[in-house]
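Have a look at the structure below before the remarks.
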Amino acid sequence: MACWLFKSEPATWSWDDQVARGAAGEPWDGVRNYQARNNMRAMVPGERGFFYHSNQGKAIVGIVEVCAPAHPDPSTDDPRWECVDIRAVRALPRPVTLEACKAEPRLAGMVLVTNSRLSVQPVTEAEWAVICEMGGLDGE
DNA sequence: GCCAACGTTGGC
DNA sequence: GCCAACGTTGGC
């Protein structure tokens, strides 16, 4: 199973907003970047991702699950754009900051570190495990 | 608030 | 198809 990372500015859509949606989840709409869209197209329901707060917080704060495969983005009529739905799974006991990721040698190749502008990113299994450990989870 | 990095657009 | 101009993102 592939792992992912979703970035959001908390002022626009925060982890708390995501949690408030509960099991119904929320379309991850508004993405207007081909690489990010392609990543969402590759997602399969049940796969998990990290939820990252950009700008304010700059930390991975929770884990989400893809609950609907890619479908047309409801926020536009442009057929080029698609999105998946995600739902909150759990918060990380300890948020993992961008600073901490940069300081961890095992995460040197992580997209969040090397291309911070990509809003929907792939995460390797190894990176997933390291961040779970840093965040206070044994594995997930 | 600044600015560097990056992606997209559009003229040629 | 190239590339300059522009807009946006996001760390600092």
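Here is how names work: the chains are called A, B, and so on, in the same order as the sequence lines, proteins then strands, and each is numbered from 1. Just so it is clear, the model here is predicted, and its values are computed rather than measured.
Residues meeting the ring-ring contact (aromatic ring centres under 6.0 Å, His included) test with A:Trp81, sequence neighbours left out: A:Tyr34. With sequence neighbours excluded, no residue satisfies ring-ring contact (aromatic ring centres under 6.0 Å, His included) with A:Tyr52.
Counting any heavy atom pair closer than 4.0 Å across all strands shown, A:Leu98 reaches sugar-phosphate atoms only and no base atom.
Between A:Phe6 and A:Trp15, the gap from one ring centroid to the other reaches at least 6.0 Å.
For the pair A:Arg117 and A:Asn55, both in contact range of DNA chain B, the more 5′-proximal nearest nucleotide belongs to A:Asn55. Along DNA chain B, the nucleotide nearest to A:Thr114 and the one nearest to A:Arg80 differ in position, and the one closer to the 5' end is contacted by A:Thr114.
The span of DNA chain B lying next to chain A, judged by atoms under 4.0 Å from heavy atoms, is bounded 5' to 3' by B:dA5 to B:dT8.
Between the side chains of A:Trp13 and A:Gln18, a donor-acceptor pair is found at a separation under 3.5 Å.
A donor-acceptor contact shorter than 3.5 Å links the side chain of A:Lys7 to the backbone of A:Leu118.
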